[in-house]
There are 2 protein chains.
Amino acid sequence: MNNEQTTSAPKLWVILARTYNAVAVYLESTIAAEGLGLSDFAALEVLLHKGPLTMSAIAEKVLLANASMTSAIDRLDERGLVRRVNSESDRRVRIVELTAQGRTFISAIYERHERELEALMGGLSRAERNQLRHLLKKLGYAASVASRANKEEHQQ
Amino acid sequence: MNNEQTTSAPKLWVILARTYNAVAVYLESTIAAEGLGLSDFAALEVLLHKGPLTMSAIAEKVLLANASMTSAIDRLDERGLVRRVNSESDRRVRIVELTAQGRTFISAIYERHERELEALMGGLSRAERNQLRHLLKKLGYAASVASRANKEEHQQ
DNA sequence: GAATCTTATTTCGATATCGAACTATCTTAT
DNA sequence: ATAAGATAGTTCGATATCGAAATAAGATTC
């Protein structure tokens with residue numbers, strides 16, 4: 001790697017976008033056959049690993065607006081993969097959980113997904129992965145700070 | 001940074017997605033006031049820096065399907081920011097170029113965009129940016145290779 | 001040089017997503 | 001206790017995007 005040259009911020013943003021896109025396109029292609037999009041897959045995945053969650057909690061984890069979450073869970077509900085249960089303690093809240101069928105379904109797909117993703121990143125050493133994680137988090141943190149600042153400035 | 005722990009591939013993918021999303025949301029918020037989305041902005045930007053291009057060439061650069069590019073250029077055309085010119089040498093081709101108004105418009109916005117992006121990445125040293133670029137490219141390359149393999153496998 | 005294949009762009013229909021408005025419920029302050 | 005405000009979820013209308021089909025023109029093959 002040549003550490004002499006300088007990478008401009010716009011260039012780095014373009015590379016980030018292209019890389020994200022390349023991985024997303026690949027992952028989409030691997031689950032498209034199951035009739036799943038990346039968002040629906042992510043919702044199932046979070047339910048598998050975190051257990052039953054409220055609509056808002058899922059939406060926050062998978063980076064979707066609440067309105068979009070309603071549609072997503074509707075889709076999964078119609079396929080019998082998840083179920084909405086009314087909360088006992090708070091009647092506004094609907095808790096979403098996997099059905100038995102949904103659990104079997106996502107478990108199998110996720111296992112394969114994990115293997116494919118590990119294969120994809122097989123070229124990155126442990127140190128490289130940690131580096132990449134560290135740098136991405138740093139950048140992501142800066143962006144969310146900047147977003148908040150921008151939002152407050154504009155809405156008041 | 002702790003290089004002892006291992007970063008799993010799924011975890012790294014989630015971080016990549018969140019970082020991409022955080023930066024995208026921020027950048028969107030900075031150009032939303034101009035009535036531009038990120039794709040339309042990207043199309044104008046590429047025309048500013050690469051000069052007039054065909055529909056397909058723009059679509060490829062900004063990672064949009066051709067069909068989406070038609071809509072995007074329609075929007076920009078209606079606002080008087082770009083113009084379609086029929087190619088002399090190939091009558092299938094329509095070359096898109098900035099109008100004078102479009103050039104003034106995107107020049108000003110891009111300059112600001114560049115400053116904001118540099119500020120956003122101000123926390124990354126030159127070495128860190130180069131590292132990040134290197135690692136992202138490596139990952140992106142692996143993903144596009146995997147995508148191609150997957151595509152060929154599935155379509156035949 | 002006619003038929004076939006490829007390429008560039010647009011049209012069309014479907015869909016995922018969003019923000020804003022709305023409803024229902026819970027919480028807080030007085 | 002009541003009013004005011006906050007929160008959870010949904011509905012609604014708008015929009016960006018896509019893949020597939022359509023159209024038109026070039027390129028290739030025989």
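Because the structure is a prediction, the values reported are computed rather than measured. Each chain gets a letter, A, B and so on, in the order its sequence line appears, and its residues count up from 1.
Between B:Leu38 atom CG and D:dT15 atom P there is a gap of 18 Å when expressed in whole angstrom units. When rounded to the nearest whole Å, the span between CE of A:Met55 and P of D:dT7 equals 18 Å. Following rounding to the nearest Å, A:Asp77 (CG) and D:dG9 (P) show an atom-to-atom distance of 15 Å. Atom CG of A:Asn21 and atom C1' of D:dT17 are 12 Å apart (whole Å). Nucleotide D:dT7 holds its C1' atom 14 Å from the CD atom of A:Glu60, rounded to whole Å. If you measure from atom CG of A:Asn86 to atom P of D:dT10, you get 10 Å, rounded to the nearest angstrom. D:dC12 atom C1' lies 15 Å from atom CG of A:Asn66, rounded to whole Å. What separates CE of B:Met69 from P of C:dT11 is a distance of 15 Å, to the nearest Å.
Here B:Arg91 does not reach the OP1 or OP2 of C:dT9: none of its side-chain N or O atoms lies under 4.0 Å away. Look at B:Ser39 and you'll find a side-chain N or O under 4.0 angstrom from OP1 or OP2 of D:dT17. In this structure, B:Thr70 reaches the C:dT10 phosphate: one of its side-chain N or O atoms is under 4.0 Å from OP1 or OP2. Contact annotation: B:Arg75 reaches the phosphate of D:dA16 (side-chain N/O to OP1 or OP2, under 4.0 Å). Phosphate contact (OP1/OP2 of D:dT7, side-chain N/O of A:Arg94, threshold under 4.0 Å): absent. Residue A:Ser68 places at least one side-chain N or O under 4.0 Å from the OP1 or OP2 atom of C:dC18.
Here A:Asp90 lies in heavy-atom contact (under 4.0 Å) with sugar-phosphate atoms only. A:Ala65 comes within contact range of the sugar-phosphate backbone alone, with a heavy-atom separation under 4.0 Å but no base atom that close. Counting non-hydrogen atoms under 4.0 angstrom, B:Ser56 reaches the backbone sugars and phosphates but no base.
Searching all strands for a Watson-Crick or G-U wobble partner of C:dT30 with both distances below 3.5 Å returns D:dA1.
No close placement of the A:Trp13 and B:Tyr26 rings is indicated, their centers lying 6.0 Å or farther apart.
Remark: side-chain polar atoms of B:Thr19 are paired, donor with acceptor, to backbone N or O of B:Ile15 under 3.5 angstrom.
Scanning atom types as modelled, one donor and one acceptor separated by under 3.5 angstrom connect the side chain of A:Arg92 and the base of D:dT7.
To the nearest 0.5 Å, atom CG of residue B:Asp40 and atom CG of residue B:Leu81 are 9.5 Å apart.
Looking at B:Arg129 and B:Glu118, a side-chain N of the basic residue comes within less than 4.0 Å of a carboxylate O on the acidic one, giving a salt bridge.
Note: A:Tyr20 and B:Tyr20 have parallel aromatic rings, judged against thresholds of 30 and 60 degrees for the angle between ring planes.
With D:dC18, C:dA20, D:dG9 as the choices, the nucleotide that has an atom nearest any side-chain atom of A:Val93 turns out to be D:dG9. Side-chain atoms of B:Thr54 lie closest to C:dT9 of the nucleotides C:dT9, D:dT10, D:dT11.
With 3.5 Å as the limit, one finds a donor-acceptor pair spanning the side chains of A:Arg133 and B:Thr7.
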